[in-house]
Amino acid sequence: MKSSILIKFLLLFGLFYSCIKKSENTNSEFIESKLFGKVKSIETKTFKNDTLKSVELKIYRKDGNIEKSKFRFEPNLSYGEKLFIYDNKNNLEKEVIISDGDTTNTHLYIYNNLGLLKKEEYYENKLHCLTNFKIDSSGKIIEKNFKYVNSEGLRTFKFYYPDSLTTITKEFLRGNPDLTTKIKIYPKENKKEILKKDIFPKSERREVFYHNNLGNIVKKERFYEGKKTKTENFTYELDFENNWVKSKSGIIRKERKIEYYKK
């Protein structure tokens with residue numbers, strides 16, 4: 001249970017940010033931030049109300065591609081690592097997730113003959129879910145269709161780019177494609193208890209991401225059935241390469257320690 005809960009969290013988180021690590025041709029504008037310089041590693045600490053919640057260490061190759069990442073969630077309840085494997089064209093081919101040292105799950109990425117991402121498959125021993133992509137003529141993702149293999153539901157994300165600094169994403173749910181699980185955690189007993197499962201109704205959600213000239217998100221707006229439900233503003237402190245080392249949005253604060261390759 002412990003490992004599968006963590007993997008499902010990583011999977012859902014990756015719905016929006018999976019194309020950060022894809023081929024440069026499929027780079028979209030809704031990523032959290034761009035990187036500058038010869039980055040060797042990034043350690044990111046995430047705080048909520050000044051309490052440490054997670055730590056992630058990403059290690060990069062000299063060509064700029066991520067090689068592996070290690071992560072843990074406080075207070076030391078779950079940990080794991082991701083390994084990234086590339087094909088001979090330097091496209092990300094496979095991502096292996098090892099959770100709590102005993103569970104291995106795999107993402108596979110499939111490209112068309114132009115080197116653009118067309119499908120993503122996720123395996124938990126066997127095929128668990130898949131995502132199909134639609135790409136425009138400039139190589140940007142304009143649609144993602146996500147589906148669990150054993151469900152009739154379909155989750156569709158559509159992406160719009162009104163200008164170079166703005167991205168709009170709309171999420172459409174059909175059927176019952178997903179479950180939200182609320183959990184009670186007992187740290188000393190190393191146990192988690194499922195309290196409630198909620199089925200997502202058929203609905204439309206929308207998020208608008210606004211970036212600055214460095215590619216960092218400065219504002220995010222969320223809508224549900226056409227009504228704005230939340231606005232988040234982001235502030236940053238930058239290092240000498242213009243990569244952010246501190247960010248803040250509401251009660252969430254992040255700190256990054258960045259190591260660079262010697263020039």
Asks: Nearest heavy-atom pair of Asp163 and Leu165: which atoms, and what distance?
Replies: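 Looking at all heavy atoms of both residues, the closest pair is OD1-N, 2.8 Å.
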Asks: Do Ile98 and Tyr123 belong to the same hydrophobic cluster, where Ile, Leu, Val, Met, Phe, Trp and Tyr are linked whenever their side-chain heavy atoms lie under 4.5 Å apart, directly or via other members?
Replies: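 Different clusters.
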Asks: What are the two closest heavy atoms between Thr166 and Pro162, and how far apart are they?
Replies: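 Closest approach of Thr166 to Pro162: O-CD, 3.6 Å.
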Asks: Between Trp244 and Ile258, is any pair of side-chain heavy atoms under 4.5 Å apart?
Replies: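 No; the side chains remain at least 4.5 Å from each other.
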Asks: For the residue pair Leu116 and Gly139, what are the closest heavy atoms and their distance?
Replies: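 Heavy atoms only, the tightest pair is CD2-CA, 4.3 Å.
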Asks: How about Leu92 and Phe84: do any of their side-chain heavy atoms sit closer than 4.5 Å?
Replies: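 Leu92 vs Phe84: side chains touch.
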Asks: Using a strict cut-off of less than 4.0 Å between a Lys/Arg side-chain nitrogen and an Asp/Glu carboxylate oxygen, indicate whether Arg61 and Asp63 qualify as a salt bridge.
Replies: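 A salt bridge links Arg61 with Asp63.
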Asks: Find the distance between CG (Asn233) and OG (Ser249) and round it off to the nearest 0.5 Å.
Replies: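 With rounding to 0.5 Å, CG (Asn233) is 7.0 Å from OG (Ser249).
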Asks: Supply the atom-to-atom distance Glu56 CD to Thr46 OG1, rounded to the nearest 0.5 angstrom.
Replies: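 Answer rounded to 0.5 Å: 8.5 Å.
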Asks: Answer yes or no: does atom NZ of Lys45 have more than 12 heavy-atom neighbours from other residues, nucleotides or ligands under 6.0 Å?
Replies: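 Not buried by this count: 12 neighbours or fewer within 6.0 Å.
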Asks: Checking Arg256 against Asn243 for the side chain to side chain contact (heavy atoms under 4.5 Å, CB included) test, could you report, in this order, the C-alpha distance in whole Å, the side-chain angles of both residues, the deciding distance, and whether it holds?
Replies: CA-CA 9 Å; Arg256 297 204 304 191; Asn243 291 315; 4.2 Å; yes
Asks: Are Leu117 and Tyr161 in one and the same hydrophobic cluster, where Ile, Leu, Val, Met, Phe, Trp and Tyr link if side-chain heavy atoms are under 4.5 Å apart?
Replies: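 Yes, it is one cluster - the side chains of Leu117 and Tyr161 are joined through contacts under 4.5 Å.
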Asks: Hey, could you give me the NZ/CD1 distance between Lys48 and Ile251, rounded to the nearest 0.5 Å?
Replies: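 Going from the NZ atom of Lys48 to the CD1 atom of Ile251 covers 4.5 Å.
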Asks: Are Tyr260 and Leu35 connected, step by step, through hydrophobic side chains (Ile, Leu, Val, Met, Phe, Trp, Tyr) whose heavy atoms are closer than 4.5 Å?
Replies: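 Both belong to a single hydrophobic cluster.
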Asks: Leu214 and Phe36: which non-hydrogen atoms are nearest, and at how many Å?
Replies: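 Heavy atoms of Leu214 and Phe36 come nearest at O-CZ, 3.5 Å.
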Asks: Could you give the distance from CD (Glu207) to NZ (Lys230), rounded to the nearest 0.5 Å?
Replies: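 Reported to 0.5 Å precision, the distance equals 9.5 Å.
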Asks: Quick one: is the NZ or CZ of Lys38 closer than 6.0 Å to the six-membered ring centre of Tyr261, and within 45° of its axis?
Replies: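 Verdict for Tyr261: no cation-pi partner in Lys38.
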Asks: Going by distance alone, is a donor N or O of one side chain under 3.5 Å from an acceptor N or O of the other, for Asn49 and Thr51?
Replies: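 There is no such pair between these side chains.
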Asks: Should Val245 and Val39 be counted in the same cluster of Ile, Leu, Val, Met, Phe, Trp and Tyr side chains packed under 4.5 Å apart?
Replies: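 Result: yes, single cluster for both.
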Asks: Is any side-chain heavy atom of Asn112 closer than 4.5 Å to a side-chain heavy atom of Ile135?
Replies: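 They are not in contact (no side-chain heavy atoms under 4.5 Å apart), so the answer is no.
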Asks: Go through the side-chain N and O atoms of Tyr111 and Glu93 and say whether any donor and acceptor fall under 3.5 Å apart.
Replies: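 No, no side-chain donor-acceptor contact under 3.5 Å.
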Asks: Atom NZ of Lys147 and atom OG1 of Thr156: how far apart are they, to the nearest 0.5 Å?
Replies: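 Between atom NZ of Lys147 and atom OG1 of Thr156 there are 11.5 Å.
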Asks: Would you give the length of the straight line joining atom CD1 of Ile141 to atom CD of Glu143, rounded to the nearest 0.5 angstrom?
Replies: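 Going from the CD1 atom of Ile141 to the CD atom of Glu143 covers 11.0 Å.
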Asks: Linking I/L/V/M/F/W/Y whenever any side-chain heavy atoms sit under 4.5 Å apart, do Tyr86 and Leu108 land together?
Replies: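 Each belongs to a different hydrophobic cluster.
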Asks: Does any non-hydrogen side-chain atom of Tyr60 lie less than 4.5 Å from one of Lys40?
Replies: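 Lys40 does not reach Tyr60 side chain to side chain.
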Asks: Would you say the side chain of Leu130 lies within less than 4.5 Å of the side chain of Asn132, judging by non-hydrogen atoms?
Replies: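 Side chain of Asn132 against side chain of Leu130, heavy atoms only: contact under 4.5 Å found.
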Asks: Please name the residue in the list Val208, Asn212, Thr231 that meets the side-chain contact (heavy atoms from CB on, under 4.5 Å) test with Lys219.
Replies: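 Going through Val208, Asn212, Thr231 one by one, the side-chain contact (heavy atoms from CB on, under 4.5 Å) with Lys219 is satisfied by Thr231 alone.
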Asks: Minimum heavy-atom separation for Glu221 to Tyr210, with atom names?
Replies: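 The pair with the smallest heavy-atom distance is OE1-OH, 3.2 Å.
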Asks: Any salt bridge linking Glu259 with Lys257? Criterion: basic side-chain nitrogen under 4.0 Å from a carboxylate oxygen.
Replies: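 No salt bridge links Glu259 with Lys257.
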Asks: Please determine whether the number of non-hydrogen atoms from other residues, nucleotides or ligands lying under 6.0 Å from atom CG of Asn213 exceeds 12.
Replies: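 Not more than 12 within 6.0 Å, no.
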Asks: When you measure from the centre of the six-membered ring of Tyr160, is the NZ or CZ of Lys170 under 6.0 Å away and within 45° of the axis?
Replies: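 Positive - Lys170 is close enough to the ring of Tyr160 and near enough to its axis.
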Asks: Considering non-hydrogen atoms only, spot the tightest contact between Phe209 and Lys220 and give its length.
Replies: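 So the two residues come closest at CE2-CD, 3.3 Å.
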Asks: A side-chain contact here means heavy atoms from C-beta on lying under 4.5 Å apart; do Arg222 and Glu232 qualify?
Replies: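 Side-chain contact under 4.5 Å: yes.
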Asks: Between Glu255 and Arg253, is there a side-chain N and carboxylate O pair less than 4.0 Å apart?
Replies: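 Salt bridge present between Glu255 and Arg253.
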Asks: Taking Tyr236 for its side chain and Ile217 for its backbone only, find out whether a donor-acceptor pair lies under 3.5 Å.
Replies: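 Such a contact is found between Tyr236 side chain and Ile217 backbone.
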